[in-house]
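Below is one structure, written out as structure tokens, with a few remarks after it.
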Amino acid sequence: MEQDINIKIIDRDGVKHEVMAPTDMAMNLMEVVRSYELAPEGTIGICGGMAMCSSCQCYVLSDHELPEMQDDEEAMLSEAFNVKDNSRLGCQLQINPDMEGLEVELAPEI
């Protein structure tokens, strides 16, 4: 059964976008941002979603129970710029129905 969820993404200019993200396509948050072109080409998901760069770092603003951070993501964020307590790598957040209403803000471009 196909289910799209509503996600709010604040881009790097501070503009809030409400987008629909499919939960049945194994997409991650970084891919959703790219598919809606909410960040300029080449400034997000540079490593292709391997948790090897921090170009898709975002700040989770809503109170959602998200999958636990894996070692790769934690290591990458420990070296990234502009990291906050609520930082996550978008490529490591698989879109699922529990994320309905998720609100994130893209971290500044480095």
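Computed from heavy atoms alone, side chains included, the values below leave out hydrogens, waters and symmetry copies. Nothing here was measured: the structure is a model prediction, and the numbers come from that model.
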For the hydrophobic clusters of this structure (ILVMFWY residues joined by side-chain heavy atoms under 4.5 Å, transitively), does one cluster hold both Leu102 and Met27?
yes

Can you name the closest pair of heavy atoms from Ser55 and Gly45 and give their distance?
OG-N, 2.8 Å

Drop me the distance from Ser54's OG to Glu73's CD, to the nearest 0.5 angstrom.
11.0 Å

What donor-acceptor contacts under 3.5 angstrom involve side-chain atoms of residues 103-110, with partners at least two apart or in another chain?
{"from": "Glu103", "atom 1": "OE2", "to": "Lys16", "atom 2": "NZ", "distance (Å)": "3.3"}

What are the two closest heavy atoms between Pro97 and Thr23, and how far apart are they?
N-CG2, 3.7 Å

How many angstroms lie between CG in Asp13 and CG in Leu38, if you round to the nearest 0.5 Å?
10.5 Å

Can a donor-acceptor pair be found between the side chains of His64 and Asp98 at a distance below 3.5 Å?
no

Straight-line distance of Gln3 CD to Asn96 CG, nearest 0.5 Å:
9.5 Å

Between Ile9 and Leu89, is there a shared hydrophobic cluster once you connect ILVMFWY residues whose side-chain heavy atoms come closer than 4.5 Å?
no

For residues Ala51 and Cys91, report the shortest heavy-atom separation together with the two atoms involved.
N-SG, 3.8 Å

Exercise: identify the closest heavy-atom pair between Ile7 and Ala21:
CD1-CB, 3.8 Å

Are Met52 and Phe81 linked, directly or through other ILVMFWY residues, by side chains that come within less than 4.5 angstrom of each other?
no

